[in-house]
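Okay, so here's the structure we're looking at.
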Number of protein chains: 2
Amino acid sequence: MATDIPADGYSSKRTAEIVGVTYRQLDYWTRTGLVKPTLGAATGSGSRRRYDYRNLLELRAVKTLLDAGIRLEHVREVFSYLSEHLDEDVTQVNLVISGTRSVAVRSGDEIIDLLRQGQGVLNILPLAGVKEDLDSKIIDLYPEDHLAAPETGPAVAEG
Amino acid sequence: MATDIPADGYSSKRTAEIVGVTYRQLDYWTRTGLVKPTLGAATGSGSRRRYDYRNLLELRAVKTLLDAGIRLEHVREVFSYLSEHLDEDVTQVNLVISGTRSVAVRSGDEIIDLLRQGQGVLNILPLAGVKEDLDSKIIDLYPEDHLAAPETGPAVAEG
DNA sequence: GATCGAAGTCACAGTGGTGTAGTTCCGTTG
DNA sequence: CAACGGAACTACACCACTGTGACTTCGATC
């Protein structure tokens, strides 16, 4: 099964399409260190970046936060935390951002608890939605590639 | 009792101090229409703006959202809604921002419901905290003025 | 009507990009 | 194997937004 998943990931252009940002924006984010293309960073003009499925998940979460009106600077702060926790069962977790603190929260009750102590604003990002959006976008754009999906998602790269 | 509350409100400088922003920032927000000093807009160099207690509440909410990393542009969108609902018992309400939509939500259960349908990010601002912070800041900075507080808050202006 | 505090104005800085024009790598062709 | 062509990274200039600091100008008050 594992050999069904090409290991060469996604190109910048394709990643941008899937995530729903411009190439220039993805380039900017990558150059400024917001994301690191797991399967290969750029080494100069003509080299190619390679993003994996997890990168896509991260990028989609970033875009969702930006669309919600959160400043990129703030997303950056939050993001080191988020990227460590995308491994957990993403569909069961809500990301809660309280000021500069972030936590992964599993149940609604926990969120209510946080609300009670709540200083400032809670930003709640249901990660299940992020994954859903991402997967359907991949299938949408490249249905023919979507033949052997691993548990982590479609994750089928271009070939 | 009503006569105990000076009707001339708060000057720009004082408002900035209480809300916890620079004078220049408050000036910028006011010039660009984010807030309108209820008790008197500027009519040219040398004129004086006058903010009332409700303005302070609005401004404090704005600052809280900004501190939470939300873009001013987004705060502007949300704000027309918020300013209409600051009348309700502020200490009982949470402001929930979902995308560009805003709602006032009373109980935690309602928030959980919103989370379930949740597209994108929920930004939750407990307004009780906003009022508390504001009031204690007023008393902090100007204890001698705090003699006749109306139900809406300290609301005692300079004189 | 002088003084002084606050509003106005202008220029500039940092963030978060975007458009365009190279530049380089890499696979293909001759 | 060398030249070619295209994809995609890079560099540079430029934009809007969100301020800030410095200086000017005006209105209220004494």
Side-chain angles (χ1 to χ4, degrees), chain A residues 6 8-51 55 59 62-79 100 142 157-159, chain B residues 6-51 55 59 62-79 100 157-159:
Chain A
D8 58 345
Y10 304 83
S11 70
S12 283
K13 197 180 187 190
R14 202 156 187 184
T15 299
E17 281 169 15
I18 292 169
V19 174
V21 297
T22 62
Y23 170 76
R24 302 299 290 105
Q25 196 167 9
L26 175 60
D27 178 41
Y28 176 71
W29 290 356
T30 306
R31 275 186 296 108
T32 54
L34 177 59
V35 273
K36 298 192 192 309
T38 310
L39 301 177
T43 56
S45 287
S47 65
R48 278 112 205 260
R49 301 189 181 110
R50 284 274 140 185
Y51 300 88
N55 290 146
L59 287 164
V62 168
K63 178 172 164 46
T64 306
L65 291 169
L66 286 186
D67 288 348
I70 295 172
R71 277 176 302 192
L72 185 61
E73 197 188 348
H74 200 64
V75 175
R76 282 181 209 274
E77 284 170 30
V78 156
F79 202 70
T100 50
Y142 312 103
E158 63 208 303
Chain B
D8 58 345
Y10 304 83
S11 69
S12 284
K13 197 181 186 190
R14 203 157 186 184
T15 299
E17 282 170 14
I18 293 170
V19 174
V21 299
T22 62
Y23 168 77
R24 303 301 290 110
Q25 196 167 8
L26 176 61
D27 178 41
Y28 175 71
W29 290 356
T30 307
R31 277 186 294 107
T32 55
L34 178 59
V35 275
K36 299 191 192 309
T38 309
L39 301 177
T43 55
S45 289
S47 64
R48 277 112 204 260
R49 302 188 182 113
R50 283 274 141 184
Y51 301 88
N55 290 147
L59 287 163
V62 168
K63 178 172 162 49
T64 307
L65 290 170
L66 285 186
D67 287 349
I70 294 173
R71 279 179 307 214
L72 186 59
E73 195 189 348
H74 199 65
V75 174
R76 281 183 210 275
E77 284 170 31
V78 156
F79 202 69
T100 50
E158 63 208 305

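In what follows, chains carry the letters A, B, and so on, assigned in the order in which the sequence lines appear, proteins first and then strands, with residues in each chain numbered from 1. Keep in mind the model is a prediction, meaning the values are calculated, not measured.
At D:dG21, none of the side-chain N or O atoms of B:Y23 fall inside 4.0 Å of OP1 or OP2 (strictly under the cut-off). Contact check, A:S12 against D:dC9: a side-chain N or O comes under 4.0 Å of OP1 or OP2. For D:dT20, the OP1/OP2 oxygens have a side-chain nitrogen or oxygen of B:T22 closer than 4.0 Å. Here B:R24 does not reach the OP1 or OP2 of D:dC23: none of its side-chain N or O atoms lies under 4.0 Å away.
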Cut-off 3.5 Å, no hydrogens considered: what does the side-chain donor-acceptor table look like for residues 71-78 of chain B, sequence neighbours left out?
unit_1	atom_1	unit_2	atom_2	d
B:R71	NH2	A:L66	O	2.8
B:H74	NE2	A:A68	O	3.1
B:H74	NE2	B:G99	O	3.1
B:R76	NH1	B:T32	O	3.2
B:R76	NH1	B:T32	OG1	3.3
B:R76	NH2	B:T32	OG1	3.2

List, one per line, each side-chain donor-acceptor pair under 3.5 Å for residues 15-23 of chain B, sequence neighbours excluded.
unit_1	atom_1	unit_2	atom_2	d
B:T15	OG1	B:S11	O	2.7
B:E17	OE1	B:Y142	OH	2.1
B:T22	OG1	B:Q25	N	3.0

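Axis orientation changes by 10° from one end of the helix from C:dG1-D:dC30 to C:dG30-D:dC1 to the other, with each end axis drawn from 5 pairs and the value rounded to 10°.
You'll find the side chain of A:L59 stays beyond 4.5 Å of the side chain of A:K63, heavy atoms only.
A salt bridge (charged side-chain N to carboxylate O under 4.0 Å, His left out) check over residues 28-45 of chain A, counting only residues at least two apart or in different chains, returns the pairs A:D27-A:R31.
Between A:R49 and the options A:T30, A:V35, A:L26, A:T38, a side-chain contact (heavy atoms from CB on, under 4.5 Å) holds for only A:T30.
For DNA chain C, the neighbouring residues in residues 25-34 of chain A, judged by any heavy atom under 4.0 Å, are A:Q25, A:Y28, A:W29.
We find the CG-OH distance between B:N55 and B:Y10 to be 10.5 Å, quoted to the nearest 0.5 Å.
Of the listed nucleotides (D:dG19, D:dC9, C:dG8), D:dG19 has the atom at the smallest distance from the side chain of B:L66.
Distance B:I70 CD1 to D:dT18 P: 13 Å, rounded to the nearest Å. Regarding A:R76, its CZ atom lies at a distance of 16 Å from the P atom of C:dG14, rounded to whole Å. One atom, CZ of B:R71, and another, C1' of C:dG14, lie 16 Å apart when rounded to the nearest Å. In this structure, CZ of B:R49 is placed 14 Å from P of D:dG27, rounded to the nearest angstrom. To the nearest angstrom, P of C:dG17 lies 11 Å from CG of A:D67. Put simply, NE2 on B:H74 is 17 Å from C1' on D:dT18, counting in whole angstrom units.
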